[in-house]
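Below is the structure I would like to discuss, written out as structure tokens.
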2 protein chains.
Amino acid sequence: MKLDEFIAENGTVITKKAGDHLFRQGEHDQSIYKVKSGLLKAYYLSADGKENIKSFIMPGDNIGSLVSAWAGKASTFSLVCLKPSIVSAVPFRKLNEASRADPGIAGEILDFLLAFGMKKEMREYELLCLTAEERYKRLRDTSPEIFTLVTQNEIARYLGITPVGLSRIKKRLAD
Amino acid sequence: MKLDEFIAENGTVITKKAGDHLFRQGEHDQSIYKVKSGLLKAYYLSADGKENIKSFIMPGDNIGSLVSAWAGKASTFSLVCLKPSIVSAVPFRKLNEASRADPGIAGEILDFLLAFGMKKEMREYELLCLTAEERYKRLRDTSPEIFTLVTQNEIARYLGITPVGLSRIKKRLAD
DNA sequence: TGTTGAAATTAACCCGGGTTAAAACGCATG
DNA sequence: CATGCGTTTTAACCCGGGTTAATTTCAACA
């Protein structure tokens, strides 16, 4: 658990209320966050003001804008607390330096990135190959907890459809 | 360029004809491939036999099934040559060991995974937030070469629509 | 030059989900 | 208990893309 130690030593503990942002789309943010408690969501805001939810982030999860932290560009998404949350933030630069110096940390970061990559692959698969209805069934079967934590509105935006659309799907399945 | 050296030393050069597979969905494959020449595509086959293209892989690119190589599970996609191709394959295990031992290689693998993660994020964004028409325009503007390399059929399957749908979009835009 | 087969276009019909707006359902608060 | 506000449902209409099948285009080759 060298990585956790490193974050404990070098990270800043941040306490946020529901509705508070850690960063917003378009801003630069060089931190990687580890969630200690609470619930967050990462979302895109499209040109016409529509919200699309990238992911929900739960205690134990890591999150940060790779594009911003690594490539130094503006973040493509926003990160906001859905519930009061405590996270620890560590500058990506420090993490990167540490990984170059300490093989143990490098290994864990590697594992983390591989897990991250696999998760993204899964999401890509779902968005590319499955219908909205199939994505809904999958979410219901694999992450039922999420339905008790967020509104249906947000589930819909995560599935890539509107709340109205989701309501219809549920109705259709109830027959 | 320590990583390239490592692959040159430890990799196996493989020559394939157009149409040959490196691996198929459902199989186990522990290799990471670096493309020297040619053109490949990674694709999903859904239950009803529909093909969805995950990505095109060009010379210089790396590809492999993370799920299979790292987690030891069956690959979720197939990898096939669209043109005669030469790739070098290196077992993921060796790469992993090398990265634990050599910080230089670890650093490069880290960079690779970060770049990979960013690419996936971009794709997730496109599939989640953009319409098929917007995705088409984006591809046309950012990777025009691809249109000279593969059939429209494959462009469509990459965009997540049918060839017929793509033809309609082109028509619509031509006014 | 004509033939053949793959790729691309077009047309007709269908359907899932978007959009807008109205109704119904909570559930907290005074 | 009544009020009010956010969430969910329902309804009506629209539209993009799927599906199927016919047609056209084009390149390869005899």
Side-chain angles (χ1 to χ4, degrees), chain A residues 17-19 39 41 43-53 56 80-84 125-140 144-175, chain B residues 17-19 39 41 43-53 56 80-84 125-140 144-175:
Chain A
K17 299 193 301 292
L39 179 67
K41 78 172 169 191
Y43 66 98
Y44 301 105
L45 223 49
S46 45
D48 55 351
K50 297 256 153 52
E51 175 179 319
N52 291 91
I53 298 183
F56 299 107
V80 67
C81 299
L82 291 177
K83 304 203 182 304
Y125 170 78
E126 291 173 355
L127 290 170
L128 185 61
C129 301
L130 303 183
T131 64
E133 180 174 323
E134 289 167 324
R135 291 200 293 274
Y136 166 72
K137 284 198 277 192
R138 219 172 222 253
L139 184 65
R140 195 192 51 185
E145 344 75 64
I146 200 69
F147 290 84
T148 67
L149 296 174
V150 305
T151 67
Q152 192 163 304
N153 193 307
E154 279 158 330
I155 300 278
R157 293 307 175 186
Y158 174 75
L159 294 175
I161 57 178
T162 61
V164 178
L166 178 52
S167 179
R168 266 193 297 240
I169 289 176
K170 284 174 63 180
K171 176 114 191 263
R172 210 159 63 217
L173 291 179
D175 304 342
Chain B
K17 299 191 303 291
L39 178 68
K41 79 173 170 192
Y43 67 98
Y44 301 105
L45 224 49
S46 45
D48 54 351
K50 298 254 153 53
E51 174 178 320
N52 291 92
I53 299 184
F56 300 107
V80 67
C81 298
L82 291 177
K83 303 202 182 305
Y125 169 78
E126 292 173 355
L127 290 170
L128 185 61
C129 300
L130 302 183
T131 64
E133 180 175 323
E134 289 166 324
R135 291 199 293 275
Y136 167 71
K137 284 198 277 192
R138 218 172 223 255
L139 184 66
R140 194 191 52 185
E145 344 75 64
I146 200 69
F147 289 85
T148 67
L149 296 174
V150 306
T151 67
Q152 192 163 304
N153 194 307
E154 277 157 332
I155 299 278
R157 293 305 177 188
Y158 174 75
L159 294 174
I161 57 179
T162 61
V164 178
L166 177 52
S167 180
R168 266 192 298 241
I169 288 176
K170 284 174 64 179
K171 175 111 191 263
R172 210 159 61 218
L173 291 178
D175 303 343

Tell me: CD1 of A:Ile155 to P of D:dT9, nearest whole Å?
->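 Rounding to the nearest Å, CD1 of A:Ile155 and P of D:dT9 are 12 Å apart.
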Pairwise side-chain contact, A:Tyr125 with B:Asn52, heavy-atom cut-off 4.5 Å (strictly under) = no
With respect to the side chain of B:Ile169, which nucleotide from C:dG17, D:dG17, C:dA7 is positioned closest?
->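 Of the options given, the side chain of B:Ile169 lies nearest D:dG17.
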For A:Thr162, report the nucleic acid contact type (base, sugar-phosphate, nothing); a contact means any heavy atom under 4.0 Å.
->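 Here A:Thr162 touches the bases of the nucleic acid.
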Protein-nucleotide distance (B:Glu133, atom CD; D:dG16, atom P), rounded to Å |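 Rounded to whole Å, this separation is 8 Å.
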Is there a donor N/O on one and an acceptor N/O on the other, under 3.5 Å, for the side chain of B:Arg172 and the base of D:dG17?
-> no
When the distance from OH of B:Tyr136 to C1' of C:dA8 is rounded to whole Å, what number comes out?
->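 B:Tyr136 atom OH is separated from C:dA8 atom C1' by 13 Å.
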When you measure from the side chain of B:Lys171, which nucleotide among D:dT8, C:dT10, C:dG18 comes out closest?
-> C:dT10
Separation of C:dG16 atom C1' from B:Ile161 atom CD1, nearest Å, is 16 Å
Give B:Leu166 one of three labels, base, sugar-phosphate or nothing, depending on what nucleic acid heavy atoms sit under 4.0 Å from its own.
-> nothing
State, without any angle test, whether B:Thr131 and B:Glu134 hold a side-chain donor-acceptor pair at a distance under 3.5 Å.
-> yes
Residue pair A:Leu149 / A:Lys83: nearest heavy atoms and the distance that separates them | O-NZ, 3.5 Å
Between A:Lys137 (NZ) and C:dG16 (P), how many Å, whole number?
-> 13 Å
Atom pair distance, as rounded to whole Å: CZ in A:Phe147 and P in D:dT7 | 17 Å
Tell me, do A:Leu173 and A:Arg140 make a side-chain contact under 4.5 Å, heavy atoms counted?
->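 Side chain of A:Leu173 against side chain of A:Arg140, heavy atoms only: contact under 4.5 Å found.
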Within this structure, what is the CG-to-P distance between A:Asn153 and D:dT8, rounded to whole angstrom?
->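 In whole Å, D:dT8 P lies 7 Å from A:Asn153 CG.
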If you look at every strand shown and take non-hydrogen atoms under 4.0 Å, does A:Ser167 touch a base, only sugar-phosphate, or nothing?
->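 Result for A:Ser167 = base.
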Can you tell me the distance, in whole Å, between the CG atom of B:Asn52 and the P atom of D:dG17?
-> 15 Å
Compare the minimum distances between each of C:dG17, D:dT8, C:dT10 and the side chain of A:Ala132, then state the nucleotide with the smallest one.
-> C:dG17
Does B:Lys50 place a side-chain N or O at less than 4.0 Å from the phosphate oxygens OP1/OP2 of D:dT19?
-> yes
Which listed nucleotide (D:dT7, D:dT19, D:dA11) is nearest to the side chain of B:Arg168?
->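 Between D:dT7, D:dT19, D:dA11, the one nearest the side chain of B:Arg168 would be D:dT19.
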So, is B:Gln152 close to the C:dT9 phosphate, meaning a side-chain N or O under 4.0 Å from OP1 or OP2?
-> yes
OP1 or OP2 of D:dT9 less than 4.0 angstrom from a side-chain nitrogen or oxygen of A:Lys170, does that happen here?
->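 Looking at the OP1 and OP2 atoms of D:dT9, one of them is under 4.0 Å from a side-chain N or O of A:Lys170.
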Shortest non-hydrogen contact between B:Leu82 and B:Ala18, atoms and distance | O-CB, 3.5 Å
